[in-house]
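Quick one: this structure, given as C-alpha cells, is what I'll be asking you about.
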Amino acid sequence: MNANILVIYTGGTIGMKEDPLDLTLKPFDFSQILEEVPELRKFKVQLDTYTFDPLIDSSDVEPGMWIRLAELIREKYPFYDGFVVLHGTDTMAYSASALSFMLEGLAKPVIFTGSQLPIGTPRTDGKENFVSAVEIAAAKNPVGGPMVPEVAVYFDSKLLRGCRAIKVSAEQFSAFRSPNCPPLAQAGILIRYDTDVIRRPMGDGVSIGVQTHLDTRVSILKVHPGITEQVMRAVLCGPETRAVIMETYGSGNAPSSPWFLDIVKEADHMGKILVNVTQCNEGSVNMDLYATGKALKKSGVVSGYDSTTEAMLAKLFVLMGKSDNNAWVKKVLEENMRGEISK
Ligand code: ASP
C-alpha cells in the first residue's frame with residue numbers, strides 16, 4: 001500500500017497526552033506522530049500532518065471551522081491519496097455530515113476519527129482508531145482507485161458513512177452507529193469492505209469543489225407531548241428562521257390538534273422550509289401512513305425520510321447557501337445526494 005495521507009488534527013480527546021510534569025492532559029504534538037504511534041511505520045504510507053491552531057474541543061465547532069477544513073482539503077486534494085481528520089467525538093457526526101455535503105465531486109477518502117480515551121492513556125481506543133483510519137484512507141481497490149471515496153467515520157472497528165453516523169454513547173468505545181445504513185467496512189483480523197454499500201467516486205480525483213457559502217438560518221423543533229402554541233410559533237414562524245427541522249414521532253407523526261396544524265400552515269404560507277425527520281434512530285418518515293403524518297404533508301412539510309438530524313442540518317445549510325429559491329431547496333431535500341437517505 002503506497003499512499004500519501006494527510007492527517008488533519010483539529011482537537012478533541014484523541015490528541016491529549018498526559019504531561020509527565022504536572023500530570024494534566026495536554027494536546028499532543030502530531031508532528032512527532034511516528035514516534036508516538038510506531039505501529040504506523042508498518043504501513044508503506046507517507047504521512048504528513050496539519051494541526052489546527054487553536055486546537056478545539058469539538059463542542060466549539062462552528063460552520064466557520066467546516067469551511068476551513070473543507071478549503072484545506074480542497075487545497076491539498078491533488079497531493080494526497082486520502083485524508084484522516086482527527087476530531088472530538090461530541091460533534092463529529094455534524095462535521096462529517098457537513099463535509100459530506102460541502103465537498104463536491106469527492107473521489108478520495110476523508111476519514112474522521114477520534115477516541116473516548118486520550119491516545120496517551122494505557123487503555124486508549126485512540127491508537128486502534130487512528131491506525132485503522134490511516135489504513136482505510138490509504139486502501140486501494142483492485143484497479144488502484146481508492147477503496148472508500150467518501151466522507152466516513154471510523155470508530156471501534158466500524159467504518160460508517162459520515163452523513164449517516166450519530167453519536168450514541170458518551171461512555172462506550174463503541175460511540176457511533178449508523179442505524180439505517182450498514183457499515184462501509186468492519187475491522188477484525190482483516191478490514192472487510194462492503195463494496196455494495198460504498199458509493200462510487202463522484203469526481204475525477206484531480207480536484208474538488210467546495211460549497212463555502214452556508215445559510216445557517218435553521219431551527220430544530222423536537223415535538224413532544226405538552227408542546228405549547230407559543231413555543232411552536234416562536235420556533236416555526238420566527239423572522240430569522242428560513243427552515244425548520246421537525247423531529248417528529250415514529251414514522252413522521254405529530255399532534256393533530258387544529259392549533260398545531262394551523263401554525264405549520266402559517267409557517268408554510270410565510271415561505272418557511274419545513275422538513276420532517278423522525279425521533280427514532282431506526283426507520284423512516286412515511287407521511288402517508290397515518291392521518292397525522294398526512295396532515296403535515298398537506299400543510300407543506302417535506303419528508304426527510306431516514307436522514308439523521310445532523311445530516312439534514314448540513315444539507316439545509318449547503319442547499320440554502322446555494323440558492324434563495326425555497327421551492328428548489330424543498331425539492332432537493334427529498335433527493336438522495338450523498339447516501340444520506342435510503343432511496
Ligand atoms: N469534548 C470532546 C470533544 O468532542 C470529547 C471527545 O473528543 O471525545 O472534543
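For ligands, and for the atoms within them, numbers begin at 1 and follow the listed sequence.
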**Item:** Non-hydrogen side-chain atoms of K127 and I119 separated by less than 4.5 Å
**Value:** yes

**Nearest-contact summary for atom 1 (N) of ligand 1 - protein heavy atom, Å** = D90 OD2, 2.8 Å

**Request:** Give the residue, atom name and distance (to 0.1 Å) of the protein heavy atom nearest atom 8 (O) of ligand 1.
**Result:**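 Sorting protein heavy atoms by distance from atom 8 (O) of ligand 1 puts T89 OG1, 2.5 Å first.
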
**Item:** Any A175 heavy atom less than 4.0 Å to ligand 1
**Value:** no

**Numbered atoms of ligand 1 (with element) below 4.0 Å of G12, judged on heavy atoms** = 7 (O), 9 (O)

**Asked** Tell me, which protein residue and heavy-atom name are nearest atom 9 (O) of ligand 1, and how many Å apart are they?
**Response** S58 N, 2.7 Å

**Request:** Measure from NZ or CZ of K158 to the centre of the six-membered ring of F176 and say whether it is under 6.0 Å with the direction within 45° of the ring axis.
**Result:** no

**Asked** Looking only at atom types and distance, does a side-chain atom of N286 sit under 3.5 Å from a main-chain N or O of S251, one as donor and one as acceptor?
**Response** no

**Request:** Mind jotting down which residue pairs meet the salt bridge (Lys or Arg N to Asp or Glu O under 4.0 Å) criterion with at least one end in residues 186-195? Sequence neighbours excluded, please.
**Result:** none

**Check: D156 main-chain N/O paired with N129 side-chain donor or acceptor under 3.5 Å** = yes

**Item:** Per-atom contacts of ligand 1 with S115, taking only distances under 4.0 Å to non-hydrogen atoms
**Value:**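 Counting from 1, the qualifying ligand atoms are 8 (O).
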
**Asked** Can you check whether F83 reaches L72 side chain to side chain, under 4.5 Å on heavy atoms?
**Response** no

**Message:** Regarding ligand 1, does D57 bring an N or O atom to under 3.5 Å of one of the ligand's N or O atoms?
**Reply:**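 Looking only at distances, the answer is yes, because the N/O contact criterion of under 3.5 Å is met.
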
**Request:** Identify the protein heavy atom lying closest to atom 6 (C) of ligand 1, giving its residue, its atom name and the separation to 0.1 Å.
**Result:**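 For atom 6 (C) of ligand 1, the nearest protein heavy atom comes out as T13 OG1, 3.0 Å.
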
